[in-house]
J.: 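Got a structure for you, written out below as structure tokens; questions coming shortly.
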Amino acid sequence: MSSSDHAKFDQEVQLLKLVLAKTQSLSFKIIHSTTRLLPVWKETCSKVGLLECLLPRDVCTQWNSTYDMLDIALKYRKAGDKICKEKQNKLRELELTPEEWGYVQQLQGVLKAATSFFSVNTPNLAKVIPAMDHLDQLLSTVSKATQKYDLPVCVSCGYTKNTLNCYYSYSNMSITYRIAMSTYHF
């Protein structure tokens with residue numbers, strides 16, 4: 001990626017990065033403030049008619065954790081908005097705007113489609129390429145669907161597709177893959 005492409009990428013997805021950072025920070029602060037924010041969170045959940053549930057943490061080594069975090073954030077939006085609005089909680093900077101909630105909903109939808117496809121009980125090498133093809137198609141569709149998705153989501157999916165294609169091209173060179181697909185000649 002050239003420096004001008006990188007600058008354009010940063011500009012387009014800055015809002016999306018901010019939304020993820022706010023959601024991650026809210027989760028972290030609630031989980032790690034066991035004497036102050038955690039009791040307030042539990043009480044807030046009860047007041048808005050939700051079961052007590054923590055926002056899952058986004059863990060970079062667990063590929064579906066971003067989806068899990070965004071999914072629960074959407075389900076617990078009322079509680080999240082309420083706890084952020086209360087001045088004494090000192091979480092005002094983490095409050096999401098309606099536009100940012102739109103990004104959360106769109107990204108959660110994209111990740112849901114990818115997560116559900118990859119959640120199989122017995123993954124194996126023969127399923128990797130069809131799975132990558134499915135993900136490639138999904139990312140391609142979303143990156144071009146500017147009428148349905150906001151620009152930061154489209155651009156992020158486009159760059160993710162480019163990254164996936166780098167890994168995809170390596171699979172054709174893999175002896176293990178070629179043996180599994182019966183294209184390797186001894």
Side-chain angles (χ1 to χ4, degrees), residues 1-45 48 50 52-116 118-119 135 138-139 142-143 145-146 148-164 166-167:
M1 181 183 306
S2 71
S3 60
S4 63
D5 287 342
H6 192 38
K8 181 182 175 188
F9 171 77
D10 281 344
Q11 181 183 8
E12 296 294 339
V13 297
Q14 191 62 35
L15 286 174
L16 200 54
K17 288 179 180 180
L18 179 63
V19 168
L20 288 172
K22 284 180 173 183
T23 309
Q24 291 163 343
S25 293
L26 180 61
S27 172
F28 184 86
K29 287 184 178 197
I30 290 171
I31 291 170
H32 290 91
S33 179
T34 57
T35 59
R36 191 173 62 85
L37 289 177
L38 185 58
V40 172
W41 172 257
K42 289 179 178 182
E43 182 182 334
T44 303
C45 287
V48 297
L50 297 168
E52 289 180 14
C53 177
L54 295 177
L55 291 173
R57 292 195 50 219
D58 187 11
V59 181
C60 64
T61 57
Q62 295 176 357
W63 58 270
N64 60 340
S65 66
T66 304
Y67 165 75
D68 292 338
M69 179 187 69
L70 295 177
D71 188 50
I72 296 296
L74 282 170
K75 290 175 183 171
Y76 283 74
R77 179 179 177 174
K78 284 184 182 179
D81 283 344
K82 188 170 176 62
I83 197 171
C84 288
K85 285 180 182 176
E86 293 175 4
K87 188 176 179 179
Q88 70 272 17
N89 295 329
K90 299 178 183 174
L91 298 172
R92 293 292 301 211
E93 74 277 2
L94 302 179
E95 185 177 6
L96 297 180
T97 65
E99 180 183 33
E100 291 170 333
W101 277 114
Y103 296 152
V104 169
Q105 190 168 17
Q106 290 176 18
L107 188 57
Q108 182 264 0
V110 171
L111 294 175
K112 180 179 183 177
T115 313
S116 62
F118 289 105
S119 297
L135 186 56
L138 173 69
L139 293 170
V142 173
S143 68
T146 55
K148 184 176 180 183
Y149 297 97
D150 289 315
L151 189 59
V153 175
C154 294
V155 171
S156 295
C157 287
Y159 280 100
T160 302
K161 178 186 176 332
N162 291 342
T163 301
L164 177 68
C166 291
Y167 291 104

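None of these values were measured; they are calculated from a predicted model.
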J.: For the residue pair P39 and S33, what are the closest heavy atoms and their distance?
T.: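 Taking P39 first and S33 second, the nearest heavy atoms are CD-O, 4.1 Å.
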
J.: With distance as the sole test, does S65 use its side chain to make a donor-acceptor pair with the main-chain N or O of V59 at under 3.5 Å?
T.: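 Checked: pair present.
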
J.: Working to the nearest 0.5 Å, report the span between SG of C45 and NZ of K78.
T.: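 Rounded to the nearest 0.5 Å, the SG-NZ separation comes to 12.5 Å.
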
J.: So how far is it from E95 CD to L26 CG, rounded to the nearest 0.5 Å?
T.: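 Answer for the CD-CG pair, E95 versus L26, is 10.5 Å.
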
J.: Is there side-chain contact between F28 and L55, with at least one heavy-atom pair below 4.5 Å?
T.: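 No, too far: nothing below the 4.5 Å cut-off.
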
J.: Taking Q106 as the fixed residue, which of L70, L16, D150 is the one that meets the side-chain contact (heavy atoms from CB on, under 4.5 Å) rule?
T.: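 Going through the options one by one, the only one that passes is D150.
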
J.: Quick one: are W41 and Y76 in side-chain contact, heavy atoms under 4.5 Å?
T.: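 Heavy-atom side-chain distance check passes, below 4.5 Å.
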
J.: Does any non-hydrogen side-chain atom of V40 lie less than 4.5 Å from one of Q88?
T.: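 Of all side-chain heavy-atom pairs linking V40 with Q88, none is under 4.5 Å.
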
J.: Calculate, to the nearest 0.5 Å, the distance between atoms CZ and SG belonging to R92 and C84 respectively.
T.: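 Taking CZ in R92 and SG in C84, the distance rounds to 8.5 Å.
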
J.: So, for C154 and A145, which heavy atoms are closest and what is the spacing to 0.1 Å?
T.: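 Answer, listing the atom of C154 first, then A145: SG-O, 3.8 Å.
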
J.: Do side-chain atoms of E100 reach the backbone of T97 as a donor and acceptor pair under 3.5 angstrom?
T.: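 The answer is yes, because a donor-acceptor pair under 3.5 Å joins these two groups.
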
J.: Around atom CD of Q105, are there more than 12 heavy atoms from other residues, nucleotides or ligands closer than 6.0 Å?
T.: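 Open: at most 12 neighbouring heavy atoms sit under 6.0 Å from CD of Q105.
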
J.: Can you name the one residue among V19, V13, L15 that meets side-chain contact (heavy atoms from CB on, under 4.5 Å) with K17?
T.: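 The single option meeting the side-chain contact (heavy atoms from CB on, under 4.5 Å) with K17 is V13.
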
J.: Is the shortest side-chain N to carboxylate O distance from R77 to D81 below 4.0 Å?
T.: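 Counted as a salt bridge, because a side-chain N and a carboxylate O are separated by less than 4.0 Å.
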
J.: Using the rule given for side chain to side chain contact (heavy atoms under 4.5 Å, CB included), can you reason through L91 versus L37, listing the C-alpha separation, both sets of side-chain angles and the distance that settles it, and then say yes or no?
T.: CA-CA 10 Å; L91 298 172; L37 289 177; 4.0 Å; yes

J.: Which is it for E93 and K85 under the salt bridge (Lys or Arg N to Asp or Glu O under 4.0 Å) test, yes or no, and what are the steps along the way?
T.: CA-CA 9 Å; E93 74 277 2; K85 285 180 182 176; over 6 Å; no

J.: Is the shortest side-chain heavy-atom distance between L20 and V104 below 4.5 Å?
T.: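 SC-SC contact between L20 and V104 ruled out.
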
J.: What heavy-atom pair brings A79 and L50 nearest, and what distance separates the two atoms?
T.: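 Of all heavy-atom pairs spanning A79 and L50, the closest is CB-CD1, 4.2 Å.
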
J.: Just verifying a value: how many Å separate Y67 OH and L107 CG, rounded to the nearest 0.5 Å?
T.: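 Here the interatomic distance stands at 11.5 Å.
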
J.: Considering all heavy atoms of both residues, which atom of N89 and which atom of R36 are nearest to each other, and what is their separation?
T.: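 Here N89 and R36 meet closest at O-NH1, 3.4 Å.
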
J.: If I take atom OG1 from residue T44 and atom CD1 from residue I83, how far apart are they, to the nearest 0.5 angstrom?
T.: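 Between atom OG1 of T44 and atom CD1 of I83 there are 5.0 Å.
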
J.: Checking the side chain of S27 only, and the main-chain atoms of T23 only, is there a donor and an acceptor separated by less than 3.5 Å?
T.: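 Not confirmed, S27 side chain does not pair with T23 backbone.
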
J.: Distance from L139 atom CG to C157 atom SG, nearest 0.5 Å?
T.: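 Rounded to the nearest 0.5 Å, the CG-SG separation comes to 5.5 Å.
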
J.: So L94 and K29, do their side chains get closer than 4.5 Å, heavy atoms only?
T.: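 Yes, at least one pair of side-chain atoms sits under 4.5 Å.
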
